[in-house]
Amino acid sequence: DSGVTQTPKHLITATGQRVTLRCSPRSGDLSVYWYQQSLDQGLQFLIHYYNGEERAKGNILERFSAQQFPDLHSELNLSSLELGDSALYFCASSVVSGTDTQYFGPGTRLTVL
Amino acid sequence: TQLLEQSPQFLSIQEGENLTVYCNSSSVFSSLQWYRQEPGEGPVLLVTVVTGGEVKKLKRLTFQFGDARKDSSLHITAAQPGDTGLYLCSLKNFNKFYFGSGTKLNVKP
């Protein structure tokens, strides 16, 4: 158990819908990272937040957005969902910004039908 | 184009055999991490290597960082079924993190 929690574990929805994935980092960790893992693309870095501020953006679509709240939990919002958005979404946390050591949560499996 | 290339993509071996998997980049990087991921779970960090030529050992796993800091290898001695999983290498570049596509290892009892 990494100490990072993600909810929900599974999510099934339809094309065009909007969903919110939630992540609670390890106690004391200020950085949160979001990743998408699909069969054909591997693990892709989406976005990094540190203490409520966006620090780096990766291959995140404009339909996707994220934020980190004052209590340090983070949410990833996915809208206008397409079939190709079906994937595992992972959250990771670390103590400081940009450190190489990240602790991954168990992931949310999103299925878009 | 992938920043990190891993090989082989798949590896199926018998318990007790040795194996090596590779991670290569076209760019020099300051550090590299190796992770292991089991089905349905998040990646778990195994090691971080930072110095060219560095060798780190974790029980039966030996990690090596190339002298030019563009490649790395993971060697497993006497593989066990518990080593089965997806082995990923990762590097940080300008505060963004990149992962290779991984080597899927299956160790048969």
Side-chain angles (χ1 to χ4, degrees), chain A residues 1-10 21 23-26 29-50 53-60 87-111, chain B residues 1-10 21-25 27-52 54 56 58 63 65 69 72 74 85-105:
Chain A
D1 185 355
S2 67
V4 178
T5 59
Q6 289 187 247
T7 56
K9 192 158 178 63
H10 301 279
L21 313 184
C23 168
S24 292
R26 295 187 322 154
D29 285 1
L30 300 178
S31 271
V32 169
Y33 311 80
W34 284 98
Y35 293 86
Q36 179 193 57
Q37 187 175 37
S38 58
L39 284 174
D40 58 343
Q41 290 288 320
L43 199 61
Q44 300 283 319
F45 169 69
L46 295 178
I47 198 162
H48 168 209
Y49 275 85
Y50 175 75
E53 291 188 10
E54 181 186 303
R55 280 298 174 95
K57 255 185 179 177
N59 299 325
I60 188 165
L88 268 168
Y89 290 84
F90 288 103
C91 163
S93 75
S94 65
V95 175
V96 297
S97 175
T99 183
D100 299 341
T101 303
Q102 300 177 46
Y103 298 88
F104 280 78
T108 292
R109 181 174 292 280
L110 173 66
T111 302
Chain B
T1 304
Q2 286 272 15
L3 192 61
L4 288 169
E5 298 284 345
Q6 288 190 247
S7 61
Q9 265 190 298
F10 302 96
V21 299
Y22 301 92
C23 175
N24 294 284
S25 170
S27 304
V28 174
F29 40 84
S30 58
S31 70
L32 182 133
Q33 295 78 48
W34 282 96
Y35 291 81
R36 183 166 143 259
Q37 183 179 19
E38 297 191 30
E41 298 182 12
V44 175
L45 180 68
L46 297 173
V47 77
T48 297
V49 283
V50 296
T51 306
E54 183 175 9
K56 281 192 174 178
L58 188 66
F63 304 86
F65 204 9
R69 291 189 288 128
S72 181
L74 159 59
L86 178 67
Y87 288 82
L88 296 161
C89 62
S90 171
L91 63 83
K92 183 179 69 176
N93 191 18
F94 295 105
N95 237 9
K96 299 180 184 180
F97 293 83
Y98 298 89
F99 282 79
S101 53
T103 292
K104 191 171 279 190
L105 172 65

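From a predicted model like this one, the values you see are computed outputs, not experimental measurements. In what follows, every heavy atom counts, from backbone to side chain, and hydrogens, waters and symmetry copies are set aside. Quick note on labels: first sequence line is chain A, next is B, and so on, each numbered from 1.
For A:Q37, the part lying near chain B is the side chain, with the backbone staying farther off; criterion is any non-hydrogen pair under 4.5 Å. Residue contact with chain A, scored on non-hydrogen atoms closer than 4.5 Å, is absent for B:Y98. Interface remark: B:L86 contributes side-chain atoms only to the contact with chain A (heavy atom separation under 4.5 Å). Only the side chain of A:K9 has a heavy atom closer than 4.5 Å to any heavy atom of chain B.
Evaluation of the salt bridge (charged side-chain N to carboxylate O under 4.0 Å, His left out) rule for B:R69 yields no partner, not counting sequence neighbours.
Within the 4.5 Å cutoff, no side-chain heavy atoms of B:E41 are placed close to those of A:F104. No side-chain heavy atom of A:N59 sits less than 4.5 Å from a side-chain heavy atom of B:K96. Between B:P43 and A:L43 there is a side-chain heavy-atom pair separated by less than 4.5 Å.
Taking the ring centroids of B:F97 and A:Y35, they lie at or beyond the 6.0 Å cut-off. Centroid-to-centroid, the aromatic rings of A:F45 and B:F99 stay 6.0 Å apart or farther.
Counting heavy-atom neighbours within 6.0 Å of A:R109 CZ, excluding the residue itself, gives a total of 12 or less. Around NZ of B:K104, the count of heavy atoms belonging to other residues, nucleotides or ligands within 6.0 Å does not exceed 12.
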